[in-house]
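Note on naming: letters A, B, ... go to the chains in the order of the sequence lines (proteins, then strands), and numbering restarts at 1 for each one.
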There are 2 protein chains.
Amino acid sequence: MIRLLLADDEVLIRGAMAALLDLEADICVVGEAADGETAVALAGRVRPDVAVLDLEMPPGDGIAAAEQLTIPVVLVTRHARPGVLRRALGAGVRGFVPKTTPASALAEIIRQVHGGRRYVDQDFAAYALSEQPCPLSPRERDVLRATRQGKPIKEIAAATHLAPGTVRNYLSTAIAKLAVNDRHAAARAAWEQGWI
Amino acid sequence: MIRLLLADDEVLIRGAMAALLDLEADICVVGEAADGETAVALAGRVRPDVAVLDLEMPPGDGIAAAEQLTIPVVLVTRHARPGVLRRALGAGVRGFVPKTTPASALAEIIRQVHGGRRYVDQDFAAYALSEQPCPLSPRERDVLRATRQGKPIKEIAAATHLAPGTVRNYLSTAIAKLAVNDRHAAARAAWEQGWI
DNA sequence: CGAAGCTGATGACATTTGTCAGTACCGGAC
DNA sequence: GTCCGGTACTGACAAATGTCATCAGCTTCG
């Protein structure tokens with residue numbers, strides 16, 4: 001019997017998944033959480049064999065939670081972004097599937113992961129293989145992350161403890177590297193690639 | 001027996017919802033679709049009594065599909081945006097619930113809607129009551145929509161058949177009305193309010 | 001009818017932003 | 001040891017952007 005921990009911020013979906021997976025003869029859901037921190041705390045108490053986490057769970061994402069868990073983790077996500085798969089695998093995630101996966105297939109993936117194997121959705125894998133390595137330096141990613149919140153340069157400078165001119169330089173190089181016209185487009189492009 | 005049509009672009013969720021709702025004694029799922037257009041086409045063939053649609057289904061949204069359906073519609077959404085509820089009710093939608101609703105509650109809502117009543121989630125309703133009427137003129141909304149795609153002003157002008165100066169004026173008034181610092185923030189704010 | 005509001009435009013102006021050149025320090029690779 | 005890349009800053013310049021005043025035609029509402 002595989003003891004399963006489920007985490008997703010949407011009750012409708014989490015409940016539905018729990019009900020369906022519980023129907024499988026060899027799987028039982030022993031815990032449910034609405035965010036990553038709760039999931040980690042719960043895992044300490046209920047000792048599940050496998051965790052299924054949603055990638056998008058404010059606050060913080062599923063990768064952060066996966067890093068803190070020692071058990072095999074399957075990440076479920078709505079929209080694929082190439083770089084995210086790489087980060088997820090780096091965090092020790094063993095399964096990576098889109099929400100377009102039927103529940104029966106998910107059960108089979110859980111069994112595989114529990115058996116020590118890995119599973120990555122084919123489309124995601126192809127996507128990731130075509131992926132470029134991130135050309136951005138850590139600081140460039142920092143300012144792009146701040147840009148994504150819609151902040152003006154002065155605020156970005158304050159938030160990152162940099163001079164405004166320095167921020168503009170980083171943004172300028174990032175804009176050039178990403179071949180776009182302004183920092184907003186750069187932030188969007190970097191996000192879509194999963195780089196920030 | 002209530003004949004139900006389900007539409008959601010995520011198979012995992014749609015399948016799980018279908019399975020759970022089918023367990024209800026008086027509900028049977030007679031059709032599933034992954035987007036609004038398919039849902040409308042399918043409704044013409046299978047003649048459901050009630051449709052449950054996801055609000056976010058590219059291409060087009062659930063409201064567009066709801067407008068074309070003559071049967072009672074329940075919209076399910078991930079994140080509430082105040083203005084969207086108003087638009088949905090204007091389109092004749094009878095139920096409006098977040099994805100944080102348990103499936104059992106959703107079944108009860110489907111029964112209510114089938115019985116001719118309306119159901120709107122309490123939080124959404126409170127949100128909508130606190131809502132400001134949209135202060136933006138149609139043209140202001142146009143340029144904000146274009147801004148949201150990340151276009152520079154010249155392209156917005158070309159796309160809307162306006163002079164660049166005029167576009168800047170509309171953006172300026174929109175920025176002032178929304179009390180933000182630039183057009184990107186304005187576009188984001190307007191979107192979060194459900195105005196564009 | 002007049003007032004008000006939306007539309008569409010122009011020109012002037014200040015600010016913000018993106019670009020570029022140049023400087024400096026640090027750490028790792030060859 | 002030198003070169004390279006990342007970090008951090010400054011100053012200068014041009015382009016994009018936001019603001020404001022002003023105009024005119026049009027519709028709608030009181």
Side-chain angles (χ1 to χ4, degrees), chain A residues 83 86-87 90 131-196, chain B residues 83 86-87 90 131-196:
Chain A
R86 173 159 304 192
R87 280 201 293 145
E131 164 200 20
Q132 339 276 343
C134 174
L136 304 169
S137 76
R139 272 291 184 278
E140 285 162 1
R141 289 201 297 273
D142 285 345
V143 294
L144 286 181
R145 252 189 296 273
T147 295
R148 198 151 169 276
Q149 326 288 314
K151 294 175 185 171
I153 286 185
K154 258 192 280 182
E155 276 183 47
I156 300 175
T160 50
H161 308 294
L162 292 172
T166 308
V167 172
R168 294 198 303 178
N169 283 341
Y170 284 137
L171 286 173
S172 187
T173 57
I175 289 165
K177 284 177 180 176
L178 299 174
V180 291
N181 293 317
D182 59 40
R183 66 210 155 95
H184 301 285
R188 184 180 307 214
W191 185 83
E192 279 169 6
Q193 289 291 317
W195 290 332
I196 58 172
Chain B
R86 174 159 304 191
R87 279 201 294 145
E131 165 199 20
Q132 336 279 344
C134 174
L136 304 169
S137 75
R139 272 292 184 276
E140 285 162 0
R141 289 202 298 273
D142 286 344
V143 293
L144 287 180
R145 251 189 297 273
T147 295
R148 202 156 164 271
Q149 326 286 317
K151 295 176 184 171
I153 287 185
K154 258 192 281 181
E155 276 183 46
I156 300 174
T160 50
H161 309 294
L162 292 173
T166 308
V167 171
R168 292 200 292 166
N169 283 340
Y170 285 137
L171 286 173
S172 186
T173 57
I175 289 165
K177 283 177 181 177
L178 299 175
V180 292
N181 293 317
D182 59 39
R183 66 210 154 94
H184 301 284
R188 184 179 308 214
W191 185 83
E192 279 169 4
Q193 289 290 317
W195 290 332
I196 58 173

- Check whether any side-chain N or O of A/Ser137 sits under 4.0 Å from OP1 or OP2 of D/dG5, and answer yes or no. no
- Exercise: identify the closest heavy-atom pair between B/Leu136 and B/Ala190: CD1-CB, 4.0 Å
- Task: Give the rounded distance in Å between these two atoms: CG of A/Asp182 and P of D/dT17.
- Result: 7 Å
- Message: Counting only side-chain nitrogens and oxygens, does A/Ser172 get under 4.0 Å of the OP1 or OP2 atom of C/dT19?
- Response: yes
- Query: Rounded to whole angstroms, how far apart are CD1 on B/Ile153 and P on C/dT16?
  - Reply: 16 Å
- Query: Between A/Pro152 and B/Ala163, who's closer to the 5' end of DNA chain C by nearest nucleotide?
  - Reply: B/Ala163
- Item | Separation of atom NZ in B/Lys151 from atom P in D/dT17, rounded to whole Å | 14 Å
- Give the rounded distance in Å between these two atoms: CG of B/Leu162 and P of C/dC6. 16 Å
- Message: Please find the pair of heavy atoms, one from A/Ala174 and one from A/Leu144, that lie closest to each other, and give the distance.
- Response: CB-CD1, 4.1 Å
- Query: What is the minimum heavy-atom distance between A/Val167 and A/Ala157, and which atoms define it?
  - Reply: CG2-CA, 3.7 Å
- Task: Let me know the distance between CZ of B/Arg141 and C1' of C/dT7, rounded to the nearest Å.
- Result: 14 Å
- Task: Compare all side-chain heavy atoms of A/Arg168 with those of A/Arg183 and state whether any distance is below 4.5 angstrom.
- Result: no
- Message: Just N and O in the side chain of B/Arg168: are any of them under 4.0 Å from OP1 or OP2 of D/dT19?
- Response: no
- From NZ of B/Lys154 across to C1' of D/dA15 the rounded distance in Å is 9 Å
- Task: Whole angstrom is fine here: how far is it from OH in A/Tyr170 over to P in C/dC20?
- Result: 18 Å
- Query: Within this structure, what is the CD1-to-C1' distance between A/Ile156 and C/dT16, rounded to whole angstrom?
  - Reply: 12 Å
- Message: Once you apply a heavy-atom cut-off of 4.0 Å, does A/Asn169 come out as touching a base, just sugar-phosphate, or nothing?
- Response: base
- B/Arg139 near the nucleic acid: base, sugar-phosphate alone, or nothing, with a heavy-atom cut-off under 4.0 Å? sugar-phosphate
- Output the distance between atom CG (B/Leu162) and atom CG (B/Asp142), rounded to the nearest 0.5 Å. 8.0 Å
- When we call it a touch if two heavy atoms are under 4.0 Å apart, what does A/Thr166 touch: a base, just sugar-phosphate, or nothing? base
